[in-house]
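Working notes, structure below.
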Amino acid sequence: MFEAAEKAEKISRKEFESALEELRPQLLSAQFALKQKRRSAIVIVDGVDGAGKGEVVHRLNEWLDPRGVDTHAFWESSD
């Protein structure tokens with residue numbers, strides 16, 4: 001799944017839905033591994049209006065353990 005994103009390849013909705021069962025546990029494992037190592041991560045979601053940024057952020061907030069997750073929205077782009 002992530003390989004397709006790195007190569008800017010599109011996947012079908014059906015392929016995405018079938019991969020969901022594996023993706024969420026992997027994301028949670030990565031989150032818990034970071035917490036155990038006392039490390040933090042910053043995820044920046046940016047793009048043009050209508051690109052689906054809100055859906056991505058919503059899904060991340062839905063999937064991650066909310067303890068230790070802070071979400072901030074910035075309306076104006078900057079350097």
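Bear in mind the structure is a predicted one, so any value in this text is a computation, not a measurement. The analysis underlying the following values was restricted to heavy atoms, covering all of them including side chains, and did not include hydrogens, waters or symmetry mates.
- With values rounded to the nearest 0.5 angstrom, T71 atom OG1 is found 8.5 Å from L60 atom CG.
- In the hydrophobic cluster analysis, where Ile, Leu, Val, Met, Phe, Trp and Tyr join through side-chain heavy atoms closer than 4.5 angstrom, L23 is grouped together with L64.
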Report task. Test side chain to side chain donor-acceptor pair (under 3.5 Å) on E15 and S18 and set out the steps. Result -> CA-CA 5 Å; E15 288 175 296; S18 67; over 6 Å; no

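- I44 contributes atom CD1, which lies 12.0 Å from atom NE2 of H72 (distance to the nearest 0.5 angstrom).
- Taking all atoms of both residues into account, the shortest heavy-atom contact from Q31 to V69 is NE2-CG2, 3.6 Å.
- When all heavy atoms of L28 and D65 are compared, the closest pair comes out as CD2-N, 3.6 Å.
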**Report entry** Worked verdict on H58 versus N61 for side chain to side chain contact (heavy atoms under 4.5 Å, CB included)
**Finding:** CA-CA 5 Å; H58 175 73; N61 283 327; 5.8 Å; no

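- By the rule that hydrophobic residues join a cluster once side-chain heavy atoms approach within less than 4.5 Å of another member, W63 and V57 end up as members of one cluster.
- For the residue pair S29 / Q26, no side-chain donor-acceptor distance below 3.5 Å is found, with atom types taken as modelled.
- Between the side chain of K53 and the backbone N or O of V45 there is no donor-acceptor pair closer than 3.5 Å.
- Closest non-hydrogen pair, L20 versus P25, comes out as O-CD, 4.5 Å.
- No more than 12 heavy atoms of other residues, nucleotides or ligands shown are found within 6.0 angstrom of CD on E22.
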